Protein chains: 2
Amino acid sequence: MSDSRRRRVTLNDIAEAARVSRATVSLVLRDSPLVHADTRARVETHMRKLGYVYNRAAANLRRQTSSSVALVINDLSNPFFAEFAAGVDEALAAAGYVTLLGGTGESASRQQAVLGSLMEHQPAAIILSPAEGSDASRIAHAVGAHTPLLVFNRELEGAGWDFLGLDNRRGARLATEHLLKQGHRRIAFFGGHADSSSCRERRLGYGDALAAAGVTPEPQWLVECAPTRLEAAAQTGALFVRDPVPTAAVCYNDAVALGLMLGLARRGRRPGHDFALTGFDDIPESAMSVPPLTTLAADPRARGRQAAALVLARLKHAPGAHKRTIVPVQLVVRESSGGADTAAPPSARKRR
Amino acid sequence: MSDSRRRRVTLNDIAEAARVSRATVSLVLRDSPLVHADTRARVETHMRKLGYVYNRAAANLRRQTSSSVALVINDLSNPFFAEFAAGVDEALAAAGYVTLLGGTGESASRQQAVLGSLMEHQPAAIILSPAEGSDASRIAHAVGAHTPLLVFNRELEGAGWDFLGLDNRRGARLATEHLLKQGHRRIAFFGGHADSSSCRERRLGYGDALAAAGVTPEPQWLVECAPTRLEAAAQTGALFVRDPVPTAAVCYNDAVALGLMLGLARRGRRPGHDFALTGFDDIPESAMSVPPLTTLAADPRARGRQAAALVLARLKHAPGAHKRTIVPVQLVVRESSGGADTAAPPSARKRR
DNA sequence: CTGAAAGCGCTTACAG
DNA sequence: CTGAAAGCGCTTACAG
């Protein structure tokens, strides 16, 4: 601790101590076969003795390289994104990159600030899970043309960026078909903002399934709300303002579904008995809820690893058209445990 | 995209374009009052026009400063740590620092690798939530004496680092007292590794409460297991191998408590009816479990902000003795909803 | 195999 | 108010 004010030791110090040139030390650092074994040993001894720490920033400056990747996430307190971040970091670390983290809290303006600040650290690439209401052209301006960008989860119009997303449409279709199989005909789509790409896609899948079943959705079955538990609970009433009232709902995601369950309970309806619903994401809580939630699993950690891999590939072969990767999503049925999806419609005329 | 191969624009380019020296551009960048307003405007115009991005790494190298703080977390998929990370990042960003993320997956050896890699990026400081089985001296070696380190959550013997932790002892005492008030006398402490500091402290608080109530814990009431749901479920049987068998358990954390609930159910016992238990952490799932879990809340996001603040303060006034900050923890009682803690002891001789 | 020299993009005294 | 020069800690041809 007494030396905590001392100059940090540099490659120069090693060179002096080992009585070689800086060039030689540099070669030792990068395991060049050009250095004599004895010299190498001597240099390495001194590095240990002096507690040398490689200054990668300096090396990056000189070599015009970067050893970091920026990860911009809207919300780490959402387990879906936390798992995603863990996967990204895991794969980046394995490839020798360090993760620059930036949280936006779903604010497009903070996102601009975060991107600007991260860009000053010269990341080799950016993985961006865009905040709601992101503007592609402003992002393009902040990121510039030199840094590859991978957009995750929420599609952004315009710029030619790589994209990794879930098969939202198919997922929502599976959920809707599942409720149809339970005999429901009046099925709502509950939650999310209709102008976000993932909500739009999920609504399409919902529509696909209904159309195939010959059901025409009533306008009042499409209820928007911010994708949080609280907002969903507050919006529950919107489902029941006008006849025909739905008997089930495909929810935008698990948070919304859990909120809706709360809202239903407050109105004296028992989810899974009087009303059936499904979620999206398979966050850990959906297995623990009462009743448990049938939902769609996307394995966010694996998505994180995949995002990192895509970005690293892009760094290797810089050019090439931008890539759109859509990942299938799996229906996790929890009805066996008397799940939230098991309510039969009141007028249970089973179709099919 | 056609210019994505072009040299990135530097301060030099701006100087040429604006017909001033690099020094002047540098002064403009840092809002120096020395520059004439007209000159400033001209320079700024060219910066925008050329799409200049400040290279903070180069500036840091020259100024011998750092604008990053490393955050080493054992497990982002644990919501407690994810929230903590979100809080850290939020506060660091507000102070103009960028977060270097490193995940260890609770592996002490990966932790060494991660620390080594992060150190090469010259963080101004490190916030470390140590992996199980961390070795203080190895950490000290990786971090060196020049970089302030804040240890979070799990105390590390030896080195003089700042520490931020929860009042585990008091928390566990509160939980134990709560169960005592329900009439329980045979209360187990379930889960965690006895050699981790947080488990040790929680066991002490548990012991405090029992001692005050005149109860001597049987050795078989102290059950260890890894702090995960799966391990906890698997270890459930250990509670019931020998008489006198406990009627309630203070669990090491929520994950363990949820696992124990699963294990109890498998053995035909209904948590909250035949057996009472409490958790620790207040992860979102504990409110949703069946029955809901009484637990201890630590507001991890606020802890993250606090950790960042401590580290930033240390950077301002470098010297000074290391600081030990212990945060109180709040009992969140969920018995009103027929919670997991409401089971009365079978032989309900209410004391007091 | 090793050394001297230039340069990555910035900042900082020091002159003028 | 602005410019010329040195230097942060590295790497990289280029000689030897």
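Proteins come first, then strands; the chains are lettered A, B, ... in the order of their sequence lines, and each starts at number 1. Note that the structure is a prediction, hence the values are computed from the model and not measured.
Consecutive Watson-Crick or G-U pairing (both distances under 3.5 Å) extending over three or more pairs maps onto DNA chain C as C:1-3 with D:14-16, C:5-12 with D:5-12, C:14-16 with D:1-3.
Scored by the salt bridge (charged side-chain N to carboxylate O under 4.0 Å, His left out) test, A/R324 finds A/E155 as partners (sequence neighbours excluded). Not counting sequence neighbours, B/T147 has no partner by the side chain to side chain donor-acceptor pair (under 3.5 Å) test. Scored by the side chain to side chain donor-acceptor pair (under 3.5 Å) test, B/Q306 finds B/R303 as partners (sequence neighbours excluded). Residues satisfying the salt bridge (charged side-chain N to carboxylate O under 4.0 Å, His left out) criterion with A/E16, sequence neighbours excluded, are absent altogether. In this structure A/A142 satisfies the side-chain contact (heavy atoms from CB on, under 4.5 Å) test together with A/Q112, A/L115, sequence neighbours excluded. In this structure, B/D75 has no salt bridge (charged side-chain N to carboxylate O under 4.0 Å, His left out) partners at least two apart in sequence or on a different chain. Checked against side chain to side chain donor-acceptor pair (under 3.5 Å), A/S134 has the following partners two or more places apart in sequence or in another chain: A/Q111.
Closest to the side chain of B/T24, out of C/dT2, D/dT11, D/dG3, is D/dG3. Proximity note for B/T39 (side chain, C-beta onward) versus C/dC10, D/dT2, D/dC8: the nearest is D/dT2. Considering only side-chain atoms of A/T10, the nucleotide from D/dG9, C/dT11, C/dG9 that sits closest is D/dG9. Here the nucleotide nearest the side chain of B/L61, chosen from D/dC10, C/dC10, C/dG9, is C/dG9.
Between the C1' atom of C/dG9 and the CG atom of B/L50 lies a distance of 16 Å, rounded to the nearest Å. Residue B/N60 contributes atom CG, which lies 15 Å from atom C1' of C/dC8 at whole-angstrom precision. Protein atom CZ of A/R19 is 15 Å distant from nucleotide atom C1' of C/dG3, rounded to whole Å. Atom OH of B/Y54 is separated from atom C1' of C/dC10 by 7 Å (rounded to the nearest Å). For the pair A/H146 NE2 and C/dC8 C1', the computed distance is 16 Å after rounding to whole Å. The distance between atom CG of B/N12 and atom P of C/dC10, rounded to the nearest whole Å, is 8 Å. To the nearest angstrom, C1' of C/dT2 lies 14 Å from CZ of A/R40. Rounded to whole Å, atom C1' of C/dC8 lies 13 Å from atom CG of B/L11.
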Find every protein N or O atom lying less than 3.5 Å from an N or O atom of nucleotides 12-14 of chain D, and list the pairs.
residue	atom	partner	partner atom	Å
D/dT12	OP1	A/R63	NE	3.1
D/dT12	OP2	A/R30	NH1	3.2

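Non-hydrogen atoms lying under 4.0 Å from DNA chain D are contributed by nothing in residues 114-124 of chain B.
When heavy atoms are screened at a 4.0 angstrom cut-off, A/V53 is found touching the sugar-phosphate backbone but no base atom.
For the salt bridge (Lys or Arg N to Asp or Glu O under 4.0 Å) condition, the pairs that include at least one residue of residues 88-116 of chain B, sequence neighbours left out, are B/E90-B/R301, B/E90-B/R305, B/E106-B/R154. Sorted by first and then second residue, the side-chain hydrogen bond (donor to acceptor under 3.5 Å, both in side chains) pairs with a member in residues 33-54 of chain A form an empty list; sequence neighbours excluded.
Comparing B/A37 and A/L29 by the nucleotide of DNA chain D that holds the closest heavy atom to each, the one mapping nearer the 5' end is B/A37. Residue order along DNA chain D, read from the 5' end via each residue's closest nucleotide, puts B/S21 first among B/A58 and B/S21.
The closest side-chain donor-acceptor pair between B/S21 and B/T24 falls under 3.5 angstrom. In summary, the side chains of A/N60 and A/S66 do not present any donor paired with an acceptor at a separation below 3.5 Å, with no hydrogens or angles considered.
Once rounded to the nearest 0.5 Å, the distance linking CG of B/L149 with CD1 of B/I127 reads 9.5 Å.
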